[in-house]
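Have a look at the structure below before the remarks.
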Number of protein chains: 2
Amino acid sequence: MARKTKAEAQLTRQQIIDAARQTFVKRGVSRTTMEHIAETAGVTRGAVYWHFASKTDVFFAMRDQVALPLLDRISHTLLDEERGDPLSRIETYMQETMELLATDAVARQTYEIITSKCEYVYEFAGVRAQMMQCGHDMLAKLTAAYSRAKDKGLLRQGLEPAAMALDTFAFSFSLIHLWFADSEKKLIRTKCHDMIKAHISLRRL
Amino acid sequence: MARKTKAEAQLTRQQIIDAARQTFVKRGVSRTTMEHIAETAGVTRGAVYWHFASKTDVFFAMRDQVALPLLDRISHTLLDEERGDPLSRIETYMQETMELLATDAVARQTYEIITSKCEYVYEFAGVRAQMMQCGHDMLAKLTAAYSRAKDKGLLRQGLEPAAMALDTFAFSFSLIHLWFADSEKKLIRTKCHDMIKAHISLRRL
DNA sequence: TTATATACATACATTTCTGATTGTATATAA
DNA sequence: TTATATACAATCAGAAATGTATGTATATAA
């Protein structure tokens, strides 16, 4: 083997990330070794160590590829006034999120790793903190959306936007977790759509 | 060192479980070694291997000490008609669960390990399945409680017990997860009580 | 055209963890 | 009272993973 062009090297890098994602899903992050990743990617450990300093480094690269586009979608869907009334936008956001899990394999695998195939200790403790930061942002935008809904008279009487946002945030969080936990029984997966509709109509006037 | 009495051996066994729990919280299950557990328990690896075949074995022993009493509490609190009206019982159940996390260190650590310090692959994939089974039970009992509430005319018009149970189940699930994820910012922990109240009053007539 | 940096593969040294084996003092059963 | 099983400690061999060091062909810059 010899030296490759920059474009080819970038492709190798991406193959390593893809291989890592698959291996993380299958074996969990801890039990995945650099050798596993290399083997799945069809390269040697030398290549992996050339592109990434450590397994943790690969993990973060993988996460960023999914997490960064996600952040855009939150504000875009939740706050854009042209996308229907505020309550519908919240519902749409959640429906789209679950749709993403069903259709986008990369997003699905990455979410699955983050929710149940990695341990939040040491270097990974920070991942949790960052996710919580993202949660705060989403919470703020949910609160804004519920406030708009209240102004527009769409909310039932006596409902506090902040409290509703927290409840929806919690609901949305566990929809994703339960979606993965319930892979065999199909308890959640088939009912997702209706659960979201029920959740929103509970607060619509 | 020499042989100990049966009572002393049982104590050693419990010390090993306690040591494992602490170490799992600190280092995660994967990065915890038998040596770590032994050292924390003040024994050698010989003792750990005498009482348990593997680290996985220790994990399951630890989990059972918390999970088994938990199952009792679900049916007891949710279904016992003498404990107030159905909606209050659901609220009480959730409040008691969060109270447990705040006051019982053993329960708290075990929940923390299960939610964020272990990877659900291979032998541990079954743990997820069992938790889901437990979830199904809880869901059935929540549905029963909401049905009673509807019969008694406590529920708002047009609310389906099954749908409400799913929403509450999801809410309850993420309360626990977020409680741990939000350790620093205190976003969730301080608002837990109110979130539960808001969740229930959303469906009370 | 040539020197150099690049993109890996290969080989090696070291650490770490496990599981099995062996040793042993003593509780307990007979 | 004595034989045996128990409850560990201590030792050892082997596998596995990491990180580094080295080799090398070639893309690329000069």
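What's counted below: heavy atoms across the whole structure, side chains too, no hydrogens, waters or symmetry copies. Just so it is clear: chains get the letters A, B, ... in the order the sequence lines come, proteins before strands, and each one is counted from 1. Source: prediction; values computed, not measured.
There is a side-chain donor-acceptor pair under 3.5 Å between B/Arg73 and B/Thr97.
Contact annotation: B/Lys4 side-chain N/O to D/dA7 OP1/OP2 distance is not under 4.0 Å. When the side-chain nitrogen and oxygen atoms of A/His51 are compared with OP1 and OP2 of C/dA7, none of them lie within a distance under 4.0 Å. Applying the 4.0 Å criterion to OP1 and OP2 of D/dC8, one finds that B/Trp50 has every side-chain N and O outside that range.
Here A/Thr12 lies in heavy-atom contact (under 4.0 Å) with sugar-phosphate atoms only.
Nucleotide C/dT22 has D/dA9 as its partner under the Watson-Crick or G-U criteria, with both atom distances under 3.5 Å. Using Watson-Crick or G-U wobble geometry with both donor-acceptor distances under 3.5 Å, C/dT28 finds its partner in D/dA3.
Across the protein-nucleic acid pair, B/Gln15 atom CD and D/dC8 atom C1' stand 13 Å apart, rounded to whole Å. As rounded to whole Å, 17 Å separates atom C1' of D/dG19 from atom CZ of A/Phe52. B/Gln10 places its CD atom 17 Å from the P atom of C/dA27, with the value rounded to the nearest Å. At whole-Å resolution of the value, CG in B/Asp57 and C1' in C/dG19 are 14 Å apart. Atom pair A/Glu35:CD and C/dT10:P shows a separation of 11 Å (rounding to whole Å applied). D/dT18 atom C1' lies 13 Å from atom CZ of B/Arg31, rounded to whole Å.
No hydrogens or angles were tested; on distance alone, a donor-acceptor pair under 3.5 Å links the side chain of A/Arg3 to the base of D/dA27.
The side chain of B/Thr44 lies closest to D/dA10, out of C/dT18, D/dA10, D/dT26. Candidate nucleotides C/dC12, D/dA7, D/dC12 were compared by shortest atom distance to the side chain of B/Arg45, and D/dC12 ranks first.
Nearest-nucleotide positions on DNA chain C for B/Tyr49 and B/Thr5 put B/Tyr49 closer to the 5' end. Along DNA chain D, the nucleotide nearest to A/Thr32 and the one nearest to A/Lys6 differ in position, and the one closer to the 5' end is contacted by A/Thr32. The 5' end of DNA chain C is approached more closely, in terms of each residue's nearest nucleotide, by A/Glu8 than by the other of A/Glu8 and B/Thr33.
Aromatic ring centres of A/Phe59 and A/Phe124 lie closer together than 6.0 Å.
In terms of heavy atoms, B/Phe24 sits closest to B/Val29 at CD2-CA, 3.7 Å.
The 12-atom threshold is exceeded at NE2 of B/His136, counting heavy atoms of other residues, nucleotides or ligands nearer than 6.0 Å.
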Let me see the working for A/His177 and A/Ser174 under side-chain hydrogen bond (donor to acceptor under 3.5 Å, both in side chains), right down to the final yes or no. CA-CA 5 Å; A/His177 276 255; A/Ser174 60; over 6 Å; no
